[in-house]
Amino acid sequence: MNCEEIRQKIGIRTVLESFHLFPVKENGKTAFYFALDREEKVPSFSVDFVKNTAFDFGTGKSYDVISIVQQMKKCSVSEALKHLSTFDFSMQNESLNVKMKFQQSYKILEIKEIQHLALIQYLKFRKVFEQKHLIKEIHYELEGKKYFGIGFQNNSGGFEIRNPYSKICLGNKDITLIESENNPNREIAVFEGFFDYLTFRNLETENPTCDYLILNSTAMLFKAEEKLKDYDKISLFLDNDTNGIVVKEKIQNQYQNVEDCSLIYYGYKDLNAWFCKKEI
């Protein structure tokens with residue numbers, strides 16, 4: 001694949017998501033992200049999903065999928081092409097078209113308790129079936145096709161949708177803050193994804209005595225920074241990967257009384273992966 005073929009076949013949203021970068025504001029065809037090379041409170045990185053390009057208003061620099069990889073990985077053009085060549089080309093065009101339009105074209109058809117056998121089996125495979133009352137079965141339409149999955153609602157009313165074959169968000173991307181009735185010590189447990197939250201609820205031996213924060217992506221940390229100031233203790237159950245470590249260190253540097261609980265599942269990607277391998 002040469003540069004031009006790469007630019008045509010791989011969607012810019014797909015590339016950004018591969019680095020766990022998600023839009024702060026979006027209208028379907030365009031979106032604003034936080035800058036790739038610096039921290040900022042107001043997003044200045046404008047992405048045009050139709051043209052498959054981006055522009056950084058802070059630096060005046062234009063980007064395509066290749067230069068984004070160069071920026072994120074600090075690599076040459078040839079190294080960026082090698083990285084992008086690992087993407088599944090057979091799915092990129094379809095994925096790009098769907099992801100460009102789903103914010104405007106999706107329709108939720110039904111929300112109900114978990115009943116579908118395939119979803120029940122998936123929850124049992126992930127060893128969180130006991131927590132099915134905390135999630136929903138979502139049937140939805142996307143680009144004229146009907147799908148279903150496990151739905152976990154965020155603070156903006158959007159749904160994180162998971163099944164064995166897909167991982168998307170219907171509606172606005174956001175964190176999920178769950179406040180317990182009994183939290184005398186002002187504690188909060190922080191998770192990257194909702195399967196880790198469900199796993200933690202499986203491990204609890206008594207009624208909840210802390211609040212729960214599910215980021216739904218490490219890129220959503222900025223949405224939680226003010227809320228975390230309200231707590232006297234923060235317990236982190238983040239992934240044992242680069243993004244999880246970066247977020248962990250950022251929280252540790254920004255707040256007091258932070259406990260890193262990832263040692264519990266050291267050697268595994270996350271809490272759920274450890275729990276699935278654990279002998280019970």
Side-chain angles (χ1 to χ4, degrees), residues 17 20 88 91 95 98 102 106-142 145-155 157-171 173-181 188-218 220 235-241 243-244 261-280:
E17 287 185 357
H20 298 279
D88 187 345
M91 299 178 63
S95 176
V98 169
F102 85 84
Y106 81 87
K107 182 189 298 183
I108 293 181
L109 305 175
E110 187 177 11
I111 301 175
K112 60 184 181 181
E113 302 304 314
I114 303 291
Q115 297 176 8
H116 198 286
L117 180 60
L119 298 183
I120 291 174
Q121 290 176 335
Y122 184 51
L123 291 174
K124 289 182 177 179
F125 174 74
R126 300 291 296 266
K127 292 190 176 181
V128 292
F129 177 70
E130 295 82 357
Q131 306 303 324
K132 64 183 185 298
H133 60 286
L134 300 175
I135 46 184
K136 297 293 184 181
E137 180 175 317
I138 309 291
H139 291 252
Y140 60 97
E141 186 175 293
L142 193 63
K145 296 181 180 179
K146 293 181 180 179
Y147 304 91
F148 64 92
I150 297 162
F152 183 74
Q153 195 164 29
N154 64 39
N155 282 9
F159 279 96
E160 299 293 325
I161 304 292
R162 301 289 182 272
N163 63 41
Y165 312 104
S166 67
K167 179 180 180 180
I168 65 170
C169 177
L170 295 181
K173 191 80 176 175
D174 203 350
I175 61 173
T176 303
L177 177 64
I178 301 171
E179 297 177 307
S180 301
E181 294 182 2
I188 188 167
V190 181
F191 307 90
E192 192 168 324
F194 73 83
F195 269 102
D196 291 324
Y197 162 66
L198 298 178
T199 302
F200 183 82
R201 295 299 300 267
N202 253 3
L203 292 167
E204 285 182 316
T205 57
E206 53 187 35
N207 291 330
T209 57
C210 72
D211 291 354
Y212 307 98
L213 173 67
I214 301 88
L215 295 173
N216 296 317
S217 166
T218 54
M220 291 290 105
S235 298
L236 302 180
F237 294 86
L238 301 173
D239 289 6
N240 283 321
D241 60 11
N243 286 300
C261 300
S262 65
L263 291 176
I264 295 172
Y265 44 96
Y266 178 79
Y268 294 87
K269 180 183 180 296
D270 54 36
L271 183 65
N272 181 253
W274 165 80
F275 188 65
C276 287
K277 295 291 184 180
K278 182 174 179 287
E279 294 295 333
I280 302 176

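Please read all numbers here as calculations on a predicted model, not as lab measurements. Note: hydrogens, waters and symmetry copies are ignored here, and every other heavy atom, side chains too, is used.
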Side-chain donor/acceptor of [X] to backbone N/O of [Y], under 3.5 Å:
| X | Y | result |
| --- | --- | --- |
| R162 | I168 | yes |
| N240 | Y268 | yes |
| K124 | F129 | no |
| E110 | H139 | no |
| N272 | R126 | yes |
| D270 | D239 | no |
| T176 | Q153 | yes |

Closest non-hydrogen atom pair, [X] against [Y]:
| X | Y | result |
| --- | --- | --- |
| E192 | I214 | O-CG2, 4.2 Å |
| I138 | Y140 | O-CD2, 3.9 Å |
| I114 | K132 | CG1-O, 4.0 Å |

Does any part of the side chain of [Y], heavy atoms only, come nearer than 4.5 Å to the side chain of [X], both counted from C-beta?
| X | Y | answer |
| --- | --- | --- |
| T199 | K127 | no |
| N216 | F152 | yes |
| L215 | L238 | yes |
| E113 | K136 | yes |
| L271 | F237 | yes |
| L236 | C261 | no |
| F194 | I150 | yes |

Task: Partner residues of E179 under the side chain to side chain donor-acceptor pair (under 3.5 Å) criterion, sequence neighbours left out - done: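 Once residues adjacent in sequence are excluded, E179 has no partner under the side chain to side chain donor-acceptor pair (under 3.5 Å) criterion.
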Task: side chain to side chain donor-acceptor pair (under 3.5 Å) partners for Y265, two or more places apart - done: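 Y265 satisfies side chain to side chain donor-acceptor pair (under 3.5 Å) with no other residue.
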Task: The single option from L177, I178, V190 passing side chain to side chain contact (heavy atoms under 4.5 Å, CB included) against Y212 - done: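 The passing option is I178.
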TODO: Taking the six-membered ring for Trp and the full ring for Phe, Tyr or His, determine whether the centres of F195 and Y122 are under 6.0 Å apart.
DONE: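 Yes, ring centres under 6.0 Å apart.
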Open item on the list: If you count every heavy atom of other residues, nucleotides or ligands that lies below 6.0 Å from Q115 atom CD, does the total exceed 12?
Closed with: yes
TODO: Could you tell me whether E160 and K167 make a salt bridge, using a distance below 4.0 angstrom between a side-chain N and a carboxylate O?
DONE: no
TODO: Check step by step if side chain to side chain contact (heavy atoms under 4.5 Å, CB included) holds for C210 and I188.
DONE: CA-CA 5 Å; C210 72; I188 188 167; 5.9 Å; no
